[in-house]
S.K.: 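Before I ask anything, here is the structure I am working with.
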Protein chains: 2
Amino acid sequence: MSSINKRITIKEVAKEAKVSPSTVGRAIGGYGYVSGQTRRKILKTAKKLNYHPNLLASNFRRQKTHTIGLIIPDITNPFFTTVARGVEDQARKKQFKVFVCSTDEDPDIEKEYIDDLIQRRVEGFVIAPSTGGGKHLFNLQSDKIKFVVVDREVKNLKADTVHSDNVDGAYRLTNYLIKLGHRRIGIINGAMQTSVAIQRFTGYKKALLESNVPIVDALVKGNDWRMEGSYKHTMELLTSKFPPTAIFAANNILGVGVLRALREMGLKVPTDMSVVCFDDVPVASLMYPFLTVVAQSPYTMGKLAAQILLERISGQGPAERQDIVLKPNFIIRESCRPPRNSGEIHILSGMEDK
Amino acid sequence: MSSINKRITIKEVAKEAKVSPSTVGRAIGGYGYVSGQTRRKILKTAKKLNYHPNLLASNFRRQKTHTIGLIIPDITNPFFTTVARGVEDQARKKQFKVFVCSTDEDPDIEKEYIDDLIQRRVEGFVIAPSTGGGKHLFNLQSDKIKFVVVDREVKNLKADTVHSDNVDGAYRLTNYLIKLGHRRIGIINGAMQTSVAIQRFTGYKKALLESNVPIVDALVKGNDWRMEGSYKHTMELLTSKFPPTAIFAANNILGVGVLRALREMGLKVPTDMSVVCFDDVPVASLMYPFLTVVAQSPYTMGKLAAQILLERISGQGPAERQDIVLKPNFIIRESCRPPRNSGEIHILSGMEDK
DNA sequence: ATAATATATAGTAACGTTATCAGCTCTGTT
DNA sequence: AACAGAGCTGATAACGTTACTATATATTAT
């Protein structure tokens, strides 16, 4: 029935409705003066001719696209897709479209995507910087391109940000393990070039220092956010001379790697090893062994970031930069117990069905 | 340093390099004749002035966008994000960008997104139709808009498709359970408006019929692809008069719902219940109870779909429509055992660490 | 040597929309 | 009755690029 290929333009509609093209433009675009009568007539004939506005032309003329870019490091990580959902929902409210780009943690791809989207004249970005990325963000800033940073911070970059209180979250998880009696707590961290990793490590150290538990280098592992590394590092911990009695995984993906390694070594959680994790693992949390975590609010993060960005775009935002810090949510489940040979009593009554 | 806001155009570059705007266009766009010398000069001054081509203008002029749309029902489902990765990787190879839109299984949102992307003049779509959607695909076709359907088929729609052999996969899973001795096999299916659900049900029935196992209505559940429904239906199965000894979940999300219900009822897999699942559950598969599944190849699906679409766009594809069927990969893990009180011997030596 | 062709550049006209301006009609106010 | 102003419509000129045409020069074929 309908056909975009006929390429009906405003002119054809104008001729058919016996008005000028500019009037059609006003009627359909909803700007300027049009009488109710002619508007109705125009909309009717537009429908009849199956007119579809050419946004390519419109965007070009106005040099606006009503589009923002979302740059995330990994589209298969549910954390980031949930951020994406938050961004999209908020954008949809304001009639904005979102270009989602996954950089695979590669700064080059990140730059490539950002450049391309600039050429396509997106009106702003929500960016979760990739590991080692972030340098071009300074250029963005000098180019007066609007953007909001989510999840990870970039050193010395003065920009609007939305992120979790990583120090506090890591502190609470570690402290929880200490209070259970653990003294040898391994940490499987992500890439130390990311603020997130640094901050979570800070929280980890803070808890240990506070309780006078020594920080042992051999228990500190990690250099990227991939599961493979996490698996490898956990294996190293497990096969070392003095393996830990508990492991802190610095995000959901790393947490899965830890669990895989434990499983392969035939170690059970929490009987043989206590495990805590930063981030909730959506699917895993529904199954054994039911991780104790601090859960972030990725949806809220995305939503707030988009909100701030869209305010900036429409010129409503405050002059000073905004830095929104969300407290993560501490959820105690059944993945921890006091260490095997500790003198401590069993504080938890976990699931003991193994 | 650089500044997009100066809005350097081809004209400025031309003036600076003392050539005509059209020559600059050819040098930068890489079409038509330009001598090596002037090209170098132009590229140099373009860089000096920090010229960024305005794709808005270029796309408009050529009525091409080098962009395709990807429509998926649920961006938080790892199956679809992996499809997305496949599509993106393939598109990147051909210098195409991908607009990823998640419809939340809502046909109205689906139509809205498709219409918007048409107005933005994407050059084609890869579509995993939402439940109950697909009607507007017929319009797309009469509008001569190119698209490839992935994962789910649309009845009577003659279009290029890429999907799994759902009948066969379901058949193999069900048959496996039967051979283990199960006679009461529950199925938690998705929305029966989707081809996928119908085909998996067909495979299920085929296996039962072939072995003369009666098809019991009370064991057949499901009407959408959400976890909540799956959880509820599993609960119904478990609390019914004659509960099944095994459950077949028709996709990964439903599988998680099944496991959650089992967990809450205190039933262990595979001791108390055997479970098989269509789709691999990426995170869950690394943990207990280690599901037996038929795994699809979402990445390949996305890649092939994009490949076919891009061929169509560049006019290379064959005249006849292509229908690519991928065989799912049967992976036996430890989530199944013979039923408790069956006379069968234990065929499997699963993980018996419970 | 001359014609034919390839190479290189410039000039011009679109692509379809919207911003701006000009003109006209209709209110309502002085 | 004159006039200000709002309401409505139409003509025109962009937005920045690329397709096309025209012209000039270099290269090759005859």
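Reminder, nothing fancy here: chain letters follow the sequence lines and each chain counts from 1.
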S.K.: Quick one, which residues of residues 10-21 of chain A touch DNA chain C with a heavy atom under 4.0 Å?
M.R.: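 Output list: A:I10.
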S.K.: Please enumerate all residues that pass side-chain contact (heavy atoms from CB on, under 4.5 Å) together with B:E320, with sequence neighbours excluded.
M.R.: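 So B:E320 forms a side-chain contact (heavy atoms from CB on, under 4.5 Å) with B:P318.
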S.K.: For residues 128-136 of chain A, which side-chain donor-acceptor pairs fall under 3.5 Å, sequence neighbours excluded?
M.R.:
residue : atom : partner : partner atom : Å
A:S130  : OG   : A:E110  : OE1          : 2.8
A:T131  : OG1  : A:E105  : OE1          : 2.7
A:H136  : NE2  : A:E110  : OE2          : 3.0

S.K.: With sequence neighbours excluded, what pairs up with B:D104 under the salt bridge (charged side-chain N to carboxylate O under 4.0 Å, His left out) test?
M.R.: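 So B:D104 forms a salt bridge (charged side-chain N to carboxylate O under 4.0 Å, His left out) with A:R85.
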S.K.: State the NZ-CD distance between A:K155 and A:E153, to the nearest 0.5 angstrom.
M.R.: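 So the gap between those two atoms works out to 12.0 Å.
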S.K.: Note the angle between the end axes of the helix from C:dA1-D:dT30 to C:dT30-D:dA1, five pairs defining each, rounded to 10 degrees.
M.R.: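 Rounded value for the end-axis angle: 30°.
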S.K.: Does the B:T82 side chain pair with the main chain of B:P78, one donor and one acceptor, at a distance under 3.5 Å?
M.R.: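 Yes; judged by distance alone, with no hydrogens or angles, the pair exists.
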S.K.: Any carboxylate oxygen within less than 4.0 angstrom of a Lys/Arg side-chain nitrogen, looking at A:D115 and A:K111?
M.R.: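 Yes, this pair counts.
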S.K.: Without hydrogens or angle criteria, can the side chains of B:T23 and B:R26 be said to hold a donor-acceptor pair below 3.5 Å?
M.R.: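 B:T23 vs B:R26: donor-acceptor pair found between side chains.
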S.K.: Could you tell me whether the side chain of A:Q119 reaches within less than 4.5 Å of the side chain of B:N54, counting heavy atoms only?
M.R.: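 B:N54 vs A:Q119: side chains apart.
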S.K.: Could I get a table of every N or O pair under 3.5 Å where one atom is in the protein and the other is in nucleotides 20-25 of chain D?
M.R.:
none

S.K.: Sequence neighbours excluded, which residues qualify as salt bridge (charged side-chain N to carboxylate O under 4.0 Å, His left out) partners of A:K97?
M.R.: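 Salt bridge (charged side-chain N to carboxylate O under 4.0 Å, His left out) check on A:K97 returns B:D116.
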S.K.: Extract, from 5' to 3' on DNA chain C, the first and final nucleotides lying under 4.0 angstrom from some heavy atom of chain A.
M.R.: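 Contacts span C:dG16 to C:dA19, reading 5' to 3'.
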S.K.: Please check if the side chain of B:R152 supplies one atom and the backbone of B:S195 the other of a donor-acceptor pair under 3.5 Å.
M.R.: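 Answer holds: no.
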S.K.: Side-chain contact, heavy-atom cut-off 4.5 Å: A:E123 with A:K146?
M.R.: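 In short, these two side chains do not touch, never coming nearer than 4.5 Å.
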S.K.: What's the separation between atom CG in B:L137 and atom CD1 in B:I127, rounded to the nearest 0.5 Å?
M.R.: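 Reported to 0.5 Å precision, the distance equals 5.0 Å.
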S.K.: Could you work out, with salt bridge (charged side-chain N to carboxylate O under 4.0 Å, His left out) as the rule, every residue matching A:D106, not counting sequence neighbours?
M.R.: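 Applying salt bridge (charged side-chain N to carboxylate O under 4.0 Å, His left out) to A:D106 gives none.
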S.K.: Residues of residues 27-47 of chain B with any non-hydrogen atom less than 4.0 angstrom from an atom of DNA chain D: list those, numerically ordered, please.
M.R.: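 When residues 27-47 of chain B is checked for heavy atoms under 4.0 Å from DNA chain D, the hits, listed by number, are B:Y31.
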S.K.: Does a donor on one side chain sit under 3.5 Å from an acceptor on the other, for A:T67 and B:R120?
M.R.: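 Yes, because at least one side-chain N or O of A:T67 sits under 3.5 Å from a partner of the opposite role on B:R120.
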S.K.: Near DNA chain D, under 4.0 Å by heavy atom, which residues of residues 56-65 of chain B?
M.R.: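 Those residues are B:A57, B:S58, B:F60, B:R61, B:R62.
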S.K.: Output, in order, the C-alpha distance, side-chain angles, deciding distance and verdict of side-chain contact (heavy atoms from CB on, under 4.5 Å) for A:I68 and A:L310.
M.R.: CA-CA 9 Å; A:I68 59 175; A:L310 294 171; 4.3 Å; yes
S.K.: Using the test salt bridge (charged side-chain N to carboxylate O under 4.0 Å, His left out), find all partners of A:R92 that sit at least two apart in sequence or belong to another chain.
M.R.: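 For A:R92, the residues satisfying salt bridge (charged side-chain N to carboxylate O under 4.0 Å, His left out) (neighbours in sequence not counted) are B:E112.
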S.K.: I need the single residue from A:I71, A:L140, A:V122 that forms a side chain to side chain contact (heavy atoms under 4.5 Å, CB included) with A:F147. Which is it?
M.R.: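 Of the listed options, the one satisfying the test is A:L140.
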